[in-house]
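One structure below.
Computed from heavy atoms alone, side chains included, the values below leave out hydrogens, waters and symmetry copies.
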Amino acid sequence: MNPTTSAAAPDPAREQFYRRIDQYHLTPLWEVLGTLVPNAPRPKQVPALWRYADVREHVMASGQLITAEEAVRRVLILENPALRGQSSITQSLYAGLQMILPGEVAPAHRHTQTALRLVLDGEGAYTAVNGERTTMHRGDFIITPAWTWHDHGNPGDQPVVWLDGLDIPLVRFFDTGFHEHGDHASQATTRPEGDALARYGSNLLPVDFQQQASDPTRIFVYPYAQTRAALSAIAAGGPADPHLGHKMRYVNPATGASPMPTIGAYAQLLPAGFKTAPYRCTDGTVYVCLEGAGSAQIGEESFHFAENDVFVVPPWYTLTLTAGSETILFSFSDRPVQQALGMWREEKR
Ligand code: GTQ
């Protein structure tokens, strides 16, 4: 078994040796082995909840301070309290609340970071991805895969707020960040709205279509109306899983794999009064309450959540969810990465 702290008691000869090798940028493994190779995950990140009722006014106030054009993206970042200054909600993922006012455009760009949007508040904005727009409705799950052109705009008459989830810390870890500005603030549309969903998201594929492994999924919006209808039918059709309720994963319908290679996304219905059995997994997960209200016991901490609240469950923390009314939770994590690398684990108790 690995000790959890330093391997040995202080020893003058050893300390002297460490100082001697230090100038060669060498350091002894045995002093840090237990930390480097822990018996189980020991995340620095902590459980946390952002109450939409608390943060909404600040998101709206940001609209009086800076334009979307000047900000490029007007976002308040949700920082894990134990990772302040790192723009991270978990060790690998970023989350933020983006707001766009009527008449504004968040200009076109592309980057190696992958992004998802979950629409929370307001109607009438759109996101454009590689030549196609999608009008944002509450609960819609929209993705901008790595290196796809995207811009956001709001031709409507109310502010629109959504949650951004990106793999920014993961890309930073690999030092593989690239970014380009578009030539125009709003990219030219080359296909009518709904085209990708009709071609790739209707239990059909173009007859000669073959998905290349490196290709992002062609559909980039998962309308909430569809997700909601599916969850209702599933819940009506059979019993809930004791640990997960009725939990589904979003997929690229052409492959069955996660829509994005670095971020997995999930939608979950908990019947009114349902309490999940204790569960933990190695992917730190960001949850958003889309409907209903309830409580989340995360390790030793307990949080009450309501609509549009965001909470984070660190890796290997035991989670128990209790739904007050019927509750719909959206969530995302780096699970596809962990699974691709063969290191994902879960434990059901
Ligand atoms: O919408 O492209 O929250 O590039 C952070 C970086 C959103 C975006 C963020 C981004 C975007």
Side-chain angles (χ1 to χ4, degrees), residues 66-77 87 93-156 159-172 176-201 214-224 250 252 258-265 330 332:
I66 191 164
T67 62
E69 190 186 6
E70 191 190 349
V72 182
R73 297 293 184 263
R74 189 201 289 111
V75 179
L76 299 185
I77 303 172
S87 304
L93 295 171
Y94 157 108
L97 291 168
Q98 183 162 172
M99 196 272 282
I100 185 161
L101 289 168
E104 286 189 323
V105 168
H109 69 176
R110 61 176 176 174
H111 40 67
T112 45
Q113 291 84 358
T114 289
L116 68 82
R117 334 278 168 195
L118 187 75
V119 185
L120 295 180
D121 196 358
E123 289 274 327
Y126 65 82
T127 285
V129 182
N130 276 359
E132 185 178 331
R133 287 184 179 182
T134 189
T135 301
M136 298 172 121
H137 305 286
R138 187 168 179 279
D140 286 357
F141 164 52
I142 297 164
I143 63 175
T144 54
W147 212 240
T148 53
W149 290 106
H150 54 282
D151 52 89
H152 317 292
N154 186 352
V160 175
V161 179
W162 62 85
L163 183 82
D164 283 325
L166 286 90
D167 56 5
I168 285 172
L170 205 56
V171 172
R172 185 171 56 201
T176 49
F178 291 90
H179 165 268
E180 284 179 0
H181 295 289
D183 291 334
H184 305 282
S186 302
Q187 63 182 287
T189 51
T190 55
R191 293 183 305 280
E193 178 158 357
D195 186 75
L197 203 55
R199 287 178 199 272
Y200 302 96
S214 58
D215 267 5
T217 168
R218 301 299 180 95
I219 55 167
F220 60 96
V221 58
Y222 298 76
Y224 186 57
Y250 287 93
N252 173 354
S258 169
M260 303 159 285
T262 52
I263 311 178
F330 171 87
F332 67 95

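- Note on residues 102-114: pairs passing salt bridge (charged side-chain N to carboxylate O under 4.0 Å, His left out), not counting sequence neighbours, are Arg74-Glu104, Arg110-Glu180.
- The shortest heavy-atom contact between Pro107 and Ala68 is CD-O, 4.2 Å.
- Taken to the nearest 0.5 Å, the CG atom of Asn252 stands 9.5 Å off from the CZ atom of Arg218.
- Partners of Glu193 according to the side chain to side chain donor-acceptor pair (under 3.5 Å) rule, which considers only residues two or more places apart in sequence or in another chain, are Thr135.
- The CG atom of Asp167 sits 8.0 Å away from the OG1 atom of Thr112 when rounded to the nearest 0.5 Å.
- Contact of the Leu197 side chain with the Pro223 side chain is registered, since non-hydrogen atoms from C-beta on lie closer than 4.5 Å.
- Nearest heavy-atom pair, Thr127 versus Phe220, reported as atom, atom and distance to 0.1 Å: O-CE1, 4.4 Å.
- Shortest non-hydrogen contact noted between Pro102 and Pro159 is CD-N, 3.9 Å.
- Partners of Gln113 by side chain to side chain donor-acceptor pair (under 3.5 Å), not counting sequence neighbours: none found.
- Heavy atoms only, all atoms of each residue included: Gly124 and Pro155 are closest at O-CD, 3.2 Å.
- Although no hydrogens or angles enter the test, the distance criterion places a donor-acceptor pair under 3.5 Å between the side chain of Gln187 and the main chain of Ala128.
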Under 3.5 Å, side-chain donor or acceptor atoms of residues 115-123 against the rest of the protein: list the pairs with distances, not counting sequence neighbours.
| from | atom 1 | to | atom 2 | distance (Å) |
| --- | --- | --- | --- | --- |
| Arg117 | NH1 | Asp164 | OD1 | 2.7 |
| Arg117 | NH2 | Thr144 | OG1 | 2.9 |
| Asp121 | OD2 | Tyr52 | OH | 2.7 |
| Asp121 | OD2 | Arg56 | NE | 2.7 |
| Asp121 | OD2 | Arg56 | NH2 | 3.4 |
| Glu123 | OE1 | His137 | ND1 | 3.1 |

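- Nearest heavy-atom pair, Val129 versus Arg191, reported as atom, atom and distance to 0.1 Å: O-NH2, 4.0 Å.
- Contacts of Ser186 classified as side-chain contact (heavy atoms from CB on, under 4.5 Å), with partners at least two apart in sequence or in another chain: Val105, Tyr126, Arg133, Asp151.
- Nearest heavy-atom pair, Ala125 versus Ile100, reported as atom, atom and distance to 0.1 Å: CB-CG2, 4.1 Å.
- Considering only residues two or more places apart in sequence or on other chains, Thr114 meets the side chain to side chain donor-acceptor pair (under 3.5 Å) condition with none of them.
- Ring planes of Tyr250 and Tyr222: perpendicular class, angle over 60° (limits at 30 and 60°).
- If you take OG1 on Thr190 and CD on Glu132, they are separated by 8.0 Å, rounding to the nearest 0.5 Å.
- Under the rule for a ring-ring contact (aromatic ring centres under 6.0 Å, His included), Phe332 has no partner lying at least two apart in sequence or in another chain.
- Distance check, rounded to the nearest 0.5 Å: CG of Asp195 to CD1 of Ile219 gives 12.5 Å.
- For Arg172, the CZ atom sits in a packed shell: over 12 heavy atoms of surrounding residues, nucleotides or ligands are nearer than 6.0 Å.
- The ring-ring contact (aromatic ring centres under 6.0 Å, His included) search around Tyr94 returns none, not counting sequence neighbours.
- In this structure Pro261 satisfies the side-chain contact (heavy atoms from CB on, under 4.5 Å) test with no other residue, sequence neighbours excluded.
- For the ring-ring contact (aromatic ring centres under 6.0 Å, His included) test, no residue two or more places apart in sequence or in another chain qualifies with Tyr224.
- Partners of His150 by ring-ring contact (aromatic ring centres under 6.0 Å, His included), not counting sequence neighbours, listed by chain and number: His109, His111.
- Listed by chain and residue number, nothing satisfies the side chain to side chain donor-acceptor pair (under 3.5 Å) test with Asn154 (two or more places apart in sequence, or in another chain).
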